[in-house]
Trainee: 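Dropping the structure in here first, questions after.
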2 protein chains.
Amino acid sequence: MCKSTDPKRALFAELAAVARALGHEHRVELLEHLAQGERSVEALARLTGLSMANASQHLQQLRRAGLLDARRDGKFVLYRLADDGIVQLMSVLRQTAERNIATVGALLARYFDGRDGLEPIGRADLVERAQAGLVTVIDVRPREEFDLGHVPGAVSIPLEELDARLEELDPAAEIVAYCRGAYCLLAVEAVVRLRAKGFSARRMEDGMPEWRAAGLPVVAG
Amino acid sequence: MCKSTDPKRALFAELAAVARALGHEHRVELLEHLAQGERSVEALARLTGLSMANASQHLQQLRRAGLLDARRDGKFVLYRLADDGIVQLMSVLRQTAERNIATVGALLARYFDGRDGLEPIGRADLVERAQAGLVTVIDVRPREEFDLGHVPGAVSIPLEELDARLEELDPAAEIVAYCRGAYCLLAVEAVVRLRAKGFSARRMEDGMPEWRAAGLPVVAG
DNA sequence: TATACGTTCAAGTTATCGCTTGAATGATGT
DNA sequence: ACATCATTCAAGCGATAACTTGAACGTATA
């Protein structure tokens with residue numbers, strides 16, 4: 001039979017340990033933020049609404065599971081994903097959840113279909129049409145995140161500034177908005193507002209982390 | 001900002017719930033067995049060494065997470081994976097664990113490198129060479145699992161019978177063995193024994209569940 | 001109908017997890 | 001050296017998960 005049951009068991013235990021690290025709402029949220037780039041504990045605590053001590057503990061748990069790396073920069077400790085493959089792991093987890101959990105489907109239907117009728121545009125299509133000059137790509141995340149890395153050629157228009165900067169956009173071109181990922185609602189909101197103003201707008205599938213994970217070029221600064 | 005924080009939180013919670021379902025050694029092992037095909041609670045309890053009540057509870061937990069389906073057949077309740085994509089989820093989880101956890105690498109090194117020097121053969125290569133008649137494919141799992149589904153053209157030689165059935169194998173052909181998956185050691189053991197007898201033997205990458213998940217043909221019965 | 005068997009349920013114990021609070025550590029700037 | 005700030009550690013509480021035991025449920029066989 002499978003000769004040594006010990007190492008098999010140990011492997012199962014390791015897999016379970018990694019899975020358990022993903023097995024908490026707050027840690028999933030932390031990873032979602034960290035998929036954007038490295039962040040300090042304080043920034044993550046603020047973004048998630050967790051106490052510093054609590055955020056720190058969850059981050060250390062993720063680090064112990066091998067999902068995060070930490071480095072010190074001055075008085076801050078910056079965490080980041082240990083590996084770009086972790087985005088893929090989150091993505092597959094999300095797909096599984098979407099397929100299997102009725103409530104997820106319902107949530108998505110409620111918050112996407114009703115607000116954003118059109119299918120999102122795929123990354124490959126987007127690259128093609130952007131090169132042909134057919135689309136204007138806008139990045140609706142906060143400028144801080146834009147600076148850390150964005151789609152080449154994209155214009156930074158944080159959602160708060162969108163209404164004030166409509167005149168910058170070409171009404172003849174199709175506008176494609178993107179933000180942090182499949183479940184970030186920034187881009188959905190942007191599309192809804194743009195359509196209300198008569199623009200032809202769609203959102204890009206997923207968001208920055210998946211773009212990066214797909215090996216597509218990223219511009220920083 | 002991201003308009004409603006509620007649905008986002010709910011989504012994180014759902015992802016975490018799925019991950020938490022994978023977050024126990026025994027449930028990972030159960031899924032690994034179920035990747036081979038549907039099994040009764042009794043069979044799974046026997047395979048894993050768990051008590052029936054305990055196995056039942058873990059299975060129900062996996063079912064609640066949407067990872068398993070159950071159906072009744074006579075006095076047995078048969079569980080199976082709710083979705084072939086779950087094999088992919090397990091696979092990505094394994095890859096992440098391998099990349100990130102030193103101990104997993106060490107375990108693999110200890111139990112594979114020392115026993116099975118050659119790289120495993122990829123599925124695409126295997127299909128090609130099998131069609132050209134260059135290799136003999138053997139399935140070293142118990143016959144019960146072979147019957148539930150195997151690689152077309154493969155010969156069922158459970159590991160226990162291998163030594164007694166060496167004369168069936170062509171010493172001139174290359175022999176490729178496969179079993180349940182990347183961490184099943186049946187095929188590794190078979191390769192070691194065959195090489196000791198002078199055969200040219202390798203193992204196939206991964207195993208039956210991944211073959212099935214890759215969309216390659218499967219023969220049953 | 002009665003019995004056997006596989007499975008699930010319910011209750012109870014032990015261990016672990018998540019969170020808060022308050023103190024300790026480590027780097028920075030005056 | 002001192003104060004400041006970001007982070008981590010340590011202790012304690014409440015909640016949840018894992019496992020065992022014994023009983024209940026459903027289905028097939030005598």
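Only a predicted model underlies this, so the values are computations on that prediction, with no experimental measurement involved.
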Trainee: Applying ring-ring contact (aromatic ring centres under 6.0 Å, His included), name anything that partners B/His33, two or more places apart in sequence or on another chain.
Mentor: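 Once residues adjacent in sequence are excluded, B/His33 has no partner under the ring-ring contact (aromatic ring centres under 6.0 Å, His included) criterion.
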Trainee: Kindly give the atom pairs (protein nitrogen or oxygen, nucleotide nitrogen or oxygen) under 3.5 Å for nucleotides 13-19 of chain D.
Mentor:
| from | atom 1 | to | atom 2 | distance (Å) |
| --- | --- | --- | --- | --- |
| D/dA18 | OP1 | B/Arg27 | NH1 | 3.0 |
| D/dA18 | OP1 | B/Arg27 | NH2 | 3.1 |
| D/dA18 | OP2 | B/Gln61 | OE1 | 3.3 |
| D/dA18 | OP2 | B/Gln61 | NE2 | 3.1 |
| D/dC19 | OP1 | B/His26 | ND1 | 3.3 |
| D/dC19 | OP2 | B/Asn54 | OD1 | 3.3 |
| D/dC19 | OP2 | B/Asn54 | ND2 | 3.3 |
| D/dC19 | OP2 | B/His58 | NE2 | 2.5 |
| D/dC19 | O5' | B/Asn54 | ND2 | 3.3 |

Trainee: Would A/Gln61 and A/Arg20 count as having a side-chain donor-acceptor pair, cut-off 3.5 Å?
Mentor: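 No donor-acceptor contact under 3.5 Å links the two side chains.
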Trainee: Could you tell me which residues satisfy ring-ring contact (aromatic ring centres under 6.0 Å, His included) with B/Phe146, sequence neighbours excluded, listed by chain and number?
Mentor: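 Partners of B/Phe146 by the ring-ring contact (aromatic ring centres under 6.0 Å, His included) criterion, ordered by chain and then number, come out as B/His150.
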Trainee: Taking salt bridge (Lys or Arg N to Asp or Glu O under 4.0 Å) as the definition, give me every residue that meets it alongside A/Arg72, ordered by chain and number, with sequence neighbours left out.
Mentor: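 Result, salt bridge (Lys or Arg N to Asp or Glu O under 4.0 Å) vs A/Arg72: none returned.
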Trainee: When rounded to the nearest 0.5 angstrom, what distance separates CE in B/Met90 from CG in B/Leu34?
Mentor: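 B/Met90 CE to B/Leu34 CG: 9.5 Å, rounded to 0.5 Å.
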Trainee: Scan for salt bridge (charged side-chain N to carboxylate O under 4.0 Å, His left out) pairs involving residues 40-55 of chain B, sequence neighbours excluded, and state none if there are none.
Mentor: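 Sorted pair list: B/Glu42-B/Arg46.
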Trainee: If you restrict it to nitrogen or oxygen atoms, what contacts under 3.5 Å exist between nucleotides 25-29 of chain C and the protein, and what is each distance?
Mentor:
none

Trainee: Provide, to the nearest angstrom, the distance between the CG atom belonging to B/Leu44 and the P atom belonging to C/dG6.
Mentor: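 For the pair B/Leu44 CG and C/dG6 P, the rounded distance is 14 Å.
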Trainee: Both B/Ala70 and A/Ala53 contact DNA chain C. Which one's nearest nucleotide lies toward the 5' end?
Mentor: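 Result of the comparison: B/Ala70.
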Trainee: For the pair made of CZ in A/Arg46 and C1' in D/dA6, what is the distance, rounded to whole Å?
Mentor: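 After rounding, the reported distance stands at 13 Å.
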Trainee: Nearest whole angstrom, please: distance from the C1' of D/dT8 to the CD of A/Glu42.
Mentor: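 Value for this atom pair: 16 Å.
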Trainee: B/His58 vs B/His24 aromatic rings, parallel, tilted or perpendicular, using cut-offs 30° and 60°?
Mentor: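 B/His58 and B/His24: tilted rings.
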Trainee: Reckon A/Tyr79 has a side-chain N or O less than 4.0 Å from the OP1 or OP2 of D/dT8?
Mentor: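 For A/Tyr79, the contact criterion (side-chain N or O under 4.0 Å from OP1 or OP2 of D/dT8) is met.
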Trainee: If you only use heavy atoms from C-beta on, which nucleotide in D/dT8, C/dT8, D/dA6 is closest to the side chain of B/Val77?
Mentor: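 Within the option list, the nearest is C/dT8.
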Trainee: May I have the distance from A/Met52 (atom CE) to D/dT8 (atom C1'), rounded to whole angstrom?
Mentor: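 Result: 9 Å.
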Trainee: Output the rounded distance in Å from CD (A/Gln60) to P (D/dT8).
Mentor: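 Value for this atom pair: 5 Å.
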Trainee: Nearest-Å distance, CG (B/Leu78) to C1' (C/dG6)?
Mentor: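 Between C1' of C/dG6 and CG of B/Leu78: 11 Å.
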Trainee: As an exercise, state the distance from CG of B/Leu62 to NE2 of B/His26, rounded to the nearest 0.5 Å.
Mentor: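 Between B/Leu62 CG and B/His26 NE2, I get 12.5 Å after rounding to 0.5 Å.
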Trainee: Does the side chain of B/Tyr178 pick up a donor-acceptor pair with the side chain of B/Asp139 at under 3.5 Å?
Mentor: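 B/Asp139 and B/Tyr178 do have a side-chain donor-acceptor pair below 3.5 Å.
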